[in-house]
Amino acid sequence: MNTTVASSNTSFAATLHDLIEYPTSGLFSKVLLKDNNTQYNLFCLAASSQIEEHTSTRNAVITVLEGRGNINLEGKDIALAPGVFVFMPANAPHAVQAQENLAFVLAMHEHSSLKKGISQQTIDIVKSTAPILKQHGQKITTRMYEIMFHNYPEVKAQFDMSAQANGTQPVKLATAVYSYATHIDDLEALKKMVDQIAHRHVQTHVLPEQYPIVGECLLQAIQDVLGDAATEEVMTAWTEAYQALAEVFINREQQINQTALAN
Ligand code: HEM
């Protein structure tokens, strides 16, 4: 079970070397500390194991404690050895290989643009698109799934394809996007909806790193359907708004997963 070592309410000190445990193969990870802004994990990779290439929606920092390995960050190889510190911006593809048993601390931070909150300008623009989203919502979400299943066919396995064919899923997504546009400045009102969707996402194994995929396809679909109405201003506002919504889901889904692990 993956328990958190320290609570964010009380002071805490540990000798990290005492917490290192290597599995015989693969990796072992432990949450050291987590608060609303940052999560610190201890990662212990057995010699010769690897973490396949992936992205994260959050900025992250690796600090190597012991061992040797390699991180490929945005196509560039960086040698990992004790004391090496690597900053990985959100969405930067990275993969890790351990040559020897390798231990590092991974600190993940909230996306800096989100900490500032959504700007009033974005709120106003997104709200102004609500009527057009109501009118074209299903067309946009149907187009979004078309783009996603074409460009990222591997995600199809997570979906009930009959709910796609009969239009149920595009309608559900359109309703969610429209509700978000109308309540972007009052997320409390969306709590029930977010909760229901987040539970469905957990059931279908949606991962944080898949949010940029849906974001890219949804924004493309908005542009395709709205045509000239999708001005640069509208697209910038929706990019910011989507990231904020993705963060809400990612956090809620992480909570649901953690509660399930703790029980
Ligand atoms: C902010 C972004 C997203 C929104 C607004 C959203 C919205 C929704 C909604 C409204 C549902 C239906 C829930 C229900 O049946 O009660 C749903 C289900 C689902 N979503 Fe998302 N979603 C988002 C991101 C993602 C991402 C990143 C993925 C990953 C590929 C994903 C995959 C799924 C899957 C697999 C289902 C279940 C579909 C089924 O039953 O066939 N969603 N989502």
Side-chain angles (χ1 to χ4, degrees), residues 2 31 34-39 41 54-60 89-91 108-119 122-123 126-127 129-130 133 137-138 140-141 144-145 147-149 151-152 154-160 163-164 168-222 235 237-262:
N2 204 348
V31 182
K34 178 178 169 355
D35 63 21
N36 290 335
N37 298 314
T38 315
Q39 179 167 330
N41 276 62
H54 65 286
T55 57
S56 163
T57 52
R58 305 204 241 175
N59 288 346
N91 306 319
M108 288 181 284
H109 306 275
E110 285 306 333
H111 210 286
S112 49
S113 65
L114 291 173
K115 279 184 85 178
K116 287 185 246 134
I118 307 173
S119 69
T122 292
I123 292 174
V126 165
K127 282 193 153 197
T129 62
L133 287 177
Q138 199 183 343
I140 292 171
T141 54
M144 180 247 135
Y145 285 117
I147 298 170
M148 185 165 75
F149 294 148
N151 293 352
Y152 302 94
E154 66 280 6
V155 303
K156 272 191 196 175
Q158 284 164 270
F159 284 86
D160 169 1
Q164 293 295 329
T168 328
Q169 184 60 27
V171 168
K172 283 183 181 173
L173 180 60
T175 308
V177 172
Y178 171 70
S179 307
Y180 179 52
T182 51
H183 293 102
I184 183 164
D185 52 352
D186 178 21
L187 291 185
E188 225 12 65
L190 298 179
K191 210 166 174 286
K192 212 172 134 205
M193 182 190 90
V194 167
D195 236 51
Q196 189 190 335
I197 298 172
H199 276 95
R200 184 72 189 129
H201 282 168
V202 170
Q203 268 174 357
T204 50
H205 310 291
V206 170
L207 298 171
E209 51 269 33
Q210 292 182 307
Y211 279 84
I213 295 178
V214 167
E216 175 196 312
C217 302
L218 183 63
L219 291 166
Q220 183 62 55
I222 292 178
M235 295 314 295
W238 263 102
T239 305
E240 191 190 345
Y242 175 82
Q243 279 180 359
L245 184 62
E247 205 67 31
V248 169
F249 278 117
I250 290 169
N251 287 337
R252 184 67 191 109
E253 285 153 26
Q254 197 173 35
Q255 266 176 1
I256 297 169
N257 277 321
Q258 276 175 356
T259 311
L261 274 174

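This one's a predicted model, so the numbers in the text were calculated from it and none came from an experiment.
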(message) Minimum heavy-atom separation for L219 and M235, please, with both atom names.
(response) O-CE, 3.2 Å

(message) What verdict does the side chain to side chain contact (heavy atoms under 4.5 Å, CB included) test give for I147 and Y152, after you've listed the backbone C-alpha separation in whole Å, the side-chain angles of each residue and the deciding distance to 0.1 Å?
(response) CA-CA 8 Å; I147 298 170; Y152 302 94; over 6 Å; no

(message) I need the H183 NE2 to E188 CD distance, nearest 0.5 Å.
(response) 12.0 Å

(request) Taking all non-hydrogen atoms of both residues into account, name the closest pair between A244 and I118 and its distance. (result) CB-CD1, 3.6 Å

(request) Mind checking the CD1-CZ spacing from I256 to R252? Nearest 0.5 Å is all I need. (result) 4.0 Å

(message) Angle between ring planes, Y211 versus Y242, binned at 30° and 60°: parallel, tilted or perpendicular?
(response) tilted

(message) Between V177 and W238, does the side chain to side chain contact (heavy atoms under 4.5 Å, CB included) criterion hold? Intermediate values first, please.
(response) CA-CA 11 Å; V177 172; W238 263 102; 3.8 Å; yes

(request) Identify the heavy atoms of A176 and I197 that sit nearest to each other, and give their distance. (result) CB-CD1, 3.9 Å

(message) Distance check, rounded to the nearest 0.5 Å: T129 atom OG1 versus Y178 atom OH?
(response) 10.5 Å

(message) If you compare all heavy atoms of V126 against all heavy atoms of A241, which two are closest, and at what distance to 0.1 Å?
(response) CG2-CB, 3.7 Å

(request) Supply the atom-to-atom distance L245 CG to L187 CG, rounded to the nearest 0.5 angstrom. (result) 7.5 Å

(message) Out of the candidates V248, V206, L207, only one should pair with E253 under the side-chain contact (heavy atoms from CB on, under 4.5 Å) rule; please name it.
(response) V206

(request) Would you check if Q164 and F149 make a side-chain contact, meaning some heavy-atom pair closer than 4.5 Å? (result) yes

(request) To the nearest 0.5 angstrom, please state how far the CD atom of Q255 sits from the CG atom of N251. (result) 7.0 Å

(message) Using every non-hydrogen atom in the two residues, find where S119 and E240 come nearest and quote the distance to one decimal.
(response) N-OE2, 3.2 Å

(message) Could you check whether any side-chain N or O of Q158 sits under 3.5 Å from a backbone N or O of H205, counting only pairs where one atom can act as donor and the other as acceptor?
(response) yes

(message) Using side chain to side chain contact (heavy atoms under 4.5 Å, CB included), reason through M144 and Q220 one step at a time and then give a plain yes or no.
(response) CA-CA 7 Å; M144 180 247 135; Q220 183 62 55; over 6 Å; no

(request) Taking all non-hydrogen atoms of both residues into account, name the closest pair between P170 and A163 and its distance. (result) CD-O, 3.8 Å

(request) Answer yes or no: is there a donor N or O on one side and an acceptor on the other, between the side chain of N59 and the main chain of P89, under 3.5 Å? (result) no

(request) Quick one: pull up CG in L190 and CG in D195 and give me the separation to the nearest 0.5 Å. (result) 11.5 Å

(request) Compute whether any side-chain donor of one residue and acceptor of the other, for H54 and E209, lie under 3.5 angstrom apart. (result) no

(request) Please test M193 against Q196 for side chain to side chain contact (heavy atoms under 4.5 Å, CB included), starting from the C-alpha separation and ending with a verdict. (result) CA-CA 5 Å; M193 182 190 90; Q196 189 190 335; 5.9 Å; no

(message) Check this for me: E154, atom CD, are more than 12 non-hydrogen atoms of other residues, nucleotides or ligands nearer than 6.0 Å?
(response) yes

